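What follows is a short report on a single structure.
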Amino acid sequence: KQEVTQIPAALSVPEGENLVLNCSFTDSAIYNLQWFRQDPGKGLTSLLLIQSSQREQTSGRLNASLDKSSGRSTLYIAASQPGDSATYLCAVRPRGDTGRRALTFGSGTRLQVQP
Amino acid sequence: GAGVSQSPSNKVTEKGKDVELRCDPISGHTALYWYRQRLGQGLEFLIYFQGNSAPDKSGLPSDRFSAERTGESVSTLTIQRTQQEDSAVYLCASSLSGSFTDTQYFGPGTRLTVL
């Protein structure tokens with residue numbers, strides 16, 4: 001059974017710092033990995049989606065990498081801002097479960113950027 | 001265009017009562033997913049609809065949970081005889097075709113509290 005772990009569970013940094021969020025998954029048989037941002041009362045916003053054949057994706061100050069063989073992904077946030085404060089969720093689309101299209105999620109990293 | 005919408009945003013109910021949660025997917029999206037998020041945890045898959053195919057109900061935690069979808073539009077998740085452990089945020093997502101490479105777009109969720 002696929003399991004997704006995110007470390008750290010919570011992180012507080014001063015504004016302007018570069019930071020890295022970590023995600024690991026136990027089964028490398030995945031179609032893709034997705035990073036989401038969750039704000040209270042606003043559901044999830046998709047940030048980056050990396051297909052299994054890709055190594056990284058970039059969007060603005062965000063860069064996500066994928067090392068499928070080692071079961072790891074990182075989300076790099078450059079020059080953090082208070083508006084980046086949110087919970088960041090990592091999710092994988094398992095390849096083995098052909099009848100299901102659902103994502104398997106980690107528990108998230110709660111990020112607070114101090115002004 | 002409009003995103004995924006869910007109603008109600010909050011629901012407080014007494015143990016033993018039935019509740020119905022509603023999801024309006026993005027227009028034109030054929031795939032629809034329900035997830036549950038308990039406090040401090042990641043999202044758990046509940047059920048998946050794809051077009052007119054039989055739904056994937058493998059994530060439903062008990063027979064008190066059921067869901068329906070009319071064609072490619074609105075879906076309702078019903079929880080009968082609610083229990084306190086049903087308290088969670090219930091999130092709905094839709095995607096264009098249900099392809100393994102599709103991005104899932106999430107609604108804001110319904111926060112259910114069972115007293």
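All chains are named by letter (A, B, ...) in the order of the sequence lines, taking the proteins before the strands, and each is independently numbered beginning at 1. Predicted model, so just to flag it, every value in this text is computed and none were measured.
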Quiz item: Quick check: are there more than 12 heavy atoms from other residues, nucleotides or ligands sitting under 6.0 Å from CG of L39(B)?
Solution: no

Practice problem: Measure distances from Q38(A) to the heavy atoms of chain B and classify the residue's part below 4.5 Å as side chain, backbone, both or neither. | Solution: side chain

Quiz item: Given a strict heavy-atom distance threshold of 4.5 Å, which part of T103(B) is in contact with chain A: side chain, backbone, both, or neither?
Solution: both

Practice problem: Find out if a path of hydrophobic residues (ILVMFWY) with successive side-chain heavy-atom gaps under 4.5 Å connects L32(B) to Y90(B). | Solution: yes

Exercise. Answer with side chain, backbone, both or neither: which region of N10(B) has an atom nearer than 4.5 Å to a non-hydrogen atom of chain A?
Key: neither

Practice problem: Answer yes if W34(B) and F105(A) sit in the same cluster of Ile, Leu, Val, Met, Phe, Trp and Tyr residues linked by side chain heavy atoms under 4.5 Å apart, and no otherwise. | Solution: no

Exercise. Sort Q37(B) into side chain, backbone, both or neither according to what part of it lies under 4.5 angstrom from a heavy atom of chain A.
Key: side chain

Quiz item: Transitively linked via ILVMFWY side-chain contacts under 4.5 Å: V113(A) with I77(A)?
Solution: yes

Quiz item: Do Y48(B) and Y105(B) share a hydrophobic cluster (ILVMFWY, side-chain heavy atoms under 4.5 Å, transitive)?
Solution: no

Quiz item: Is Y33(B) reaching over with its side chain to a backbone N or O of L103(A), donor-acceptor style, under 3.5 angstrom?
Solution: no

Quiz item: Which of the residues A93(B), S95(B), G42(B) is involved in the greatest number of heavy-atom pairs with chain A at under 4.5 angstrom?
Solution: G42(B)

Quiz item: Do L21(B) and Y35(B) share a hydrophobic cluster (ILVMFWY, side-chain heavy atoms under 4.5 Å, transitive)?
Solution: no

Quiz item: Are a donor atom and an acceptor atom from the side chains of Q104(B) and Q34(A) found within less than 3.5 Å of each other?
Solution: no

Exercise. Check whether any side-chain heavy atom of F106(B) sits under 4.5 Å from a side-chain heavy atom of F36(A), and report yes or no.
Key: yes

Practice problem: Heavy-atom pairs under 4.5 Å with chain A are the metric here; pick the option from G107(B), P108(B), G109(B) that has the most. | Solution: P108(B)

Practice problem: Report yes if some heavy atom in the side chain of T104(A) is under 4.5 Å from a heavy atom in the side chain of L43(B); otherwise report no. | Solution: no

Quiz item: Is the count of non-hydrogen atoms from other residues, nucleotides or ligands lying under 6.0 Å from E68(B) atom CD greater than 12?
Solution: no

Quiz item: So which of T87(A), L49(A), L89(A) has the largest heavy-atom pair count under 4.5 angstrom toward chain B?
Solution: L49(A)

Exercise. For E14(B), look at atom CD and say whether over 12 heavy atoms of other residues, nucleotides or ligands are found less than 6.0 Å away.
Key: no

